[in-house]
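Encoded as structure tokens, the structure appears first; notes follow it.
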Amino acid sequence: MPQPRPAYEFNSIIVRKPSQSVVNGLRADDRGNPTYEGVAAEHDAYVTAMRDAGVKVTVLPALEAFPDSIFIEDPALVFTEGAILLRPGAATRVEETAEIEPTLREMFETVLDLPGTGYADGGDVLTTRESVMIGLSARTDKTGAQALQACLDKFDRKSEIVATPEGVLHFKTDCSLLDDETVLSTGRLARSGVFKKFKQIIIPEGEEPAANALRVNDVVMVGSDFPRTIEMLDKAGYKVVPLKTTEIGKIDAGLSCMSLRWFSDRI
Ligand code: CIR
């Protein structure tokens, strides 16, 4: 049987430009507004890094009515097999799904709707080679997670529902995939035992927001504000690309949030 493609191999991503309203993005604790210029610069550098990593980037226009719409990972999920339209768990973000839908219908042959009435955010979904892990959080409820499992069944993707530590926005706020056998995780998430089947690299204490890193093809993108994590991954043999996340960090976002990533067999 042919080996499945590594879960971090991508040739396509979709991003959405930040709106001026991004300064009003949702956040759990107020550490001051990000600046529009700062977010835009971080977004531009991200797009460049993606192109350098060998990915075709589709850039969608900003949506002023949706301050958090730059975080395009949350209203949908994408795979080689097709796309899934989700129902974000924050009231101000629910309609972002309708905004992304026409693009996904154009780019994917199969587009599924999350059935039922539950909620699920893409930030709670970690796609690994063996299964799709769905974290329950304040944004993803059990009904939504189970509805998502029904969609994933249609793509023949195994899935499992797991827990997100209390007070953590999304499952992937605290972890990322480094390769098919290895995850980068905060200590608090690793202690829950969800990554028993993986090698685990634990984030140094105090650098927890670095856990939302992003492996894309040969490189691992990591927030540049986290030198100890960068050094640790570098020593472990990963090719690290540091990217500034200071401004998006003020509205609880990290590197995975800014793209929908998949391997398209149509290009
Ligand atoms: C929100 O609270 O929805 C945004 N301010 C941050 C979303 C981050 N997205 C992600 O982790 N996938």
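Atoms within each ligand, like the ligands themselves, are counted from 1 in listed order. Index from 1, following the sequence.
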Checklist outcome for this item: CG (L184) and CE (M232) are apart, to the nearest 0.5 Å, by 5.5 Å
Checklist entry - Which heavy-atom pair separates A76 from I100 by the least distance, and what is that distance? => result CB-CG2, 4.5 Å
Next on the checklist: Please list all pairs meeting side chain to side chain donor-acceptor pair (under 3.5 Å) that have one or both residues in residues 30-48, counting only residues at least two apart or in different chains.
Outcome noted: R27-D30, R27-N33, R31-D252, Y46-S259
Item to check | side-chain hydrogen bond (donor to acceptor under 3.5 Å, both in side chains) partners for E208, two or more places apart | outcome: none
Would you tabulate the side-chain donor-acceptor contacts of residues 145-153 under 3.5 Å, counting partners in other chains and residues two or more places apart, or write 'none'?
{"unit_1": "Q149", "atom_1": "NE2", "unit_2": "S159", "atom_2": "O", "d": "3.4"}
{"unit_1": "Q149", "atom_1": "NE2", "unit_2": "S159", "atom_2": "OG", "d": "3.0"}

Checklist entry - Could K172 and D124 be called an ion pair, given the rule that one side-chain N must be under 4.0 Å from one carboxylate O? => result no
Identify all N/O pairs between ligand 1 and the protein with a separation under 3.5 Å and present them as a table of atom names and distances.
{"unit_1": "ligand 1", "atom_1": "2 (O)", "unit_2": "R139", "atom_2": "NH2", "d": "2.9"}
{"unit_1": "ligand 1", "atom_1": "3 (O)", "unit_2": "R93", "atom_2": "NH1", "d": "2.8"}
{"unit_1": "ligand 1", "atom_1": "3 (O)", "unit_2": "R139", "atom_2": "NH1", "d": "2.9"}
{"unit_1": "ligand 1", "atom_1": "5 (N)", "unit_2": "L26", "atom_2": "O", "d": "2.8"}
{"unit_1": "ligand 1", "atom_1": "5 (N)", "unit_2": "D68", "atom_2": "OD1", "d": "2.8"}
{"unit_1": "ligand 1", "atom_1": "5 (N)", "unit_2": "I251", "atom_2": "O", "d": "2.8"}
{"unit_1": "ligand 1", "atom_1": "9 (N)", "unit_2": "D74", "atom_2": "OD2", "d": "2.9"}
{"unit_1": "ligand 1", "atom_1": "11 (O)", "unit_2": "H170", "atom_2": "ND1", "d": "2.9"}
{"unit_1": "ligand 1", "atom_1": "12 (N)", "unit_2": "E73", "atom_2": "OE1", "d": "2.8"}
{"unit_1": "ligand 1", "atom_1": "12 (N)", "unit_2": "D74", "atom_2": "OD1", "d": "2.9"}
{"unit_1": "ligand 1", "atom_1": "12 (N)", "unit_2": "D74", "atom_2": "OD2", "d": "3.4"}

